[in-house]
Amino acid sequence: MARTPLIAGNWKMHTTAEEARALARAVRDGAAGVGDVEVVVCPPFTALAAVADELAASAVKLGAQNVFYEEMGAFTGEVSPPMLTALGVEYVIVGHSERRQYFHETDDVVNKKVRAALAHGLKPIICVGEKLEEREAGDGWKDLVRGQVKAALAGVSVAHAAKAAVAYEPVWAIGTGRTATPAAAAEAHALLREVVSGTFGRETAELFRILYGGSVNPENVKELMAEPDVDGALVGGASLKAESFVAIMHFGE
Ligand code: 13P
């Protein structure tokens, strides 16, 4: 397969630095010998340094959950791309539905963050996905998620594009235990790959990773990963326990 599967844990607003350190250590130990899978953990900002320390001699990579688009300045409470790279952060989640919902992140803000991340060598994991009412209102959700991907990647160069990934996270599947069926995920991923292909060309689209997120667990990951357009998972709740996250990175085996 041209695309190395990517399994990322989004710890959201969980874990103190010390709790994160312990979880990272267990993930690191469980990931030894996982094979051709890229594993990323995304702790809260306050735990990045501790987790970086635990992961120093491991193949597990470090991600952040958000980033601001300016390099420095009077932006109280924000964290810049150079602050993250200085800690050894390689990935950053951008535009999670929780940030869109609670912190009013628009497609335009998401795009600025994506471009700033890439300009500083960070790999953005761009989250898109429709809400339940949008899914139930016919085919409109397709244009909506297409539009989210197009907007997020606007102005990104072909050279940078394959460093980004998209996570298709239908909002109705997040934290609900209601996973998209493998067929539903496959349909969404295929249409998002078409968007990437239309924007950057077929070659880039073949390299571009599209992850699924929303109630991924050790029981459903295998079926999801069996879909050719599902290149990995962005895992919330099940990434907070090393045992389930390690099982997921082994595709439930
Ligand atoms: P859950 O796995 O808890 O549904 O969360 C998914 C998610 O939002 C990952 O970013």
Side-chain angles (χ1 to χ4, degrees), residues 5-15 19-20 23-24 27 37-45 47-48 51 60-67 89-103 105 110 113-114 117 122-132 134-135 141 144-145 148-149 152 164-182 184-185 188-189 192 209-225 227 230-252:
L6 175 59
I7 302 291
N10 175 8
W11 295 359
K12 306 193 179 182
M13 199 172 72
H14 295 282
T15 70
E19 289 162 351
L23 179 54
V27 168
V37 175
E38 218 178 336
V39 178
V40 180
V41 292
C42 305
F45 287 134
L48 284 170
V51 171
V60 177
K61 292 171 176 169
L62 188 59
Q65 298 175 19
N66 184 24
V67 66
V89 171
E90 188 173 330
Y91 283 88
V92 63
I93 298 169
V94 177
H96 193 281
S97 62
E98 288 148 18
R99 295 216 55 88
R100 294 178 191 256
Q101 181 182 349
Y102 301 121
F103 305 99
E105 283 194 12
V110 171
K113 292 183 172 192
V114 167
L122 287 164
K123 298 171 181 165
I125 300 174
I126 302 159
C127 300
V128 303
E130 78 286 358
K131 301 193 187 89
L132 183 60
E134 292 159 346
R135 168 60 78 150
W141 67 272
L144 189 130
V145 294
Q148 287 176 331
V149 169
V166 160
Y168 171 63
E169 299 206 309
V171 178
W172 45 270
I174 295 178
T176 58
R178 188 176 161 190
T179 322
T181 61
H189 285 221
L192 296 183
R209 290 182 294 192
I210 304 177
L211 319 183
Y212 169 78
S215 299
V216 175
N217 61 40
E219 285 73 50
N220 59 29
V221 64
K222 189 176 179 178
E223 278 193 316
L224 288 161
M225 289 303 299
E227 293 294 341
V230 176
D231 306 316
L234 183 55
V235 186
S239 72
L240 291 172
K241 292 260 180 293
E243 195 186 356
S244 47
F245 189 58
V246 168
I248 289 169
M249 71 178 78
H250 289 93
F251 302 164

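Whatever order the structure lists them in is the order used to number ligands and atoms, beginning at 1. Side chains included, hydrogens not; waters and symmetry mates left out as well; all remaining heavy atoms used. All residue numbers in this chain count up from 1 along the given sequence.
- Note: W141 and Y168 have tilted aromatic rings, judged against thresholds of 30 and 60 degrees for the angle between ring planes.
- Scanning for ring-ring contact (aromatic ring centres under 6.0 Å, His included) contacts around H250 gives an empty result, with sequence neighbours left out.
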At less than 3.5 Å, what protein N or O atoms come close to the N or O atoms of ligand 1? Include the distances to 0.1 Å.
unit_1, atom_1, unit_2, atom_2, d
ligand 1, 2 (O), S215, N, 3.4
ligand 1, 2 (O), G236, N, 2.9
ligand 1, 3 (O), G237, N, 2.8
ligand 1, 4 (O), G175, N, 2.6
ligand 1, 4 (O), S215, N, 2.7
ligand 1, 5 (O), K12, NZ, 3.3
ligand 1, 8 (O), K12, NZ, 2.8
ligand 1, 8 (O), H96, NE2, 2.8
ligand 1, 8 (O), E169, OE1, 3.4
ligand 1, 10 (O), N10, ND2, 3.0
ligand 1, 10 (O), H96, NE2, 2.9
ligand 1, 10 (O), E169, OE1, 3.2
ligand 1, 10 (O), E169, OE2, 2.9

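- Note that CG of L62 and CG of L48 are 5.0 Å apart. Values are rounded to the nearest 0.5 Å.
- The two residues L224 and V216 come nearest to each other via the heavy atoms CD1-CG2, 4.2 Å.
- Shown here are the ring-ring contact (aromatic ring centres under 6.0 Å, His included) partners of Y91, two or more places apart in sequence or in another chain: there are none.
- In this view, R100 and D107 satisfy the side-chain hydrogen bond (donor to acceptor under 3.5 Å, both in side chains) rule, not counting sequence neighbours.
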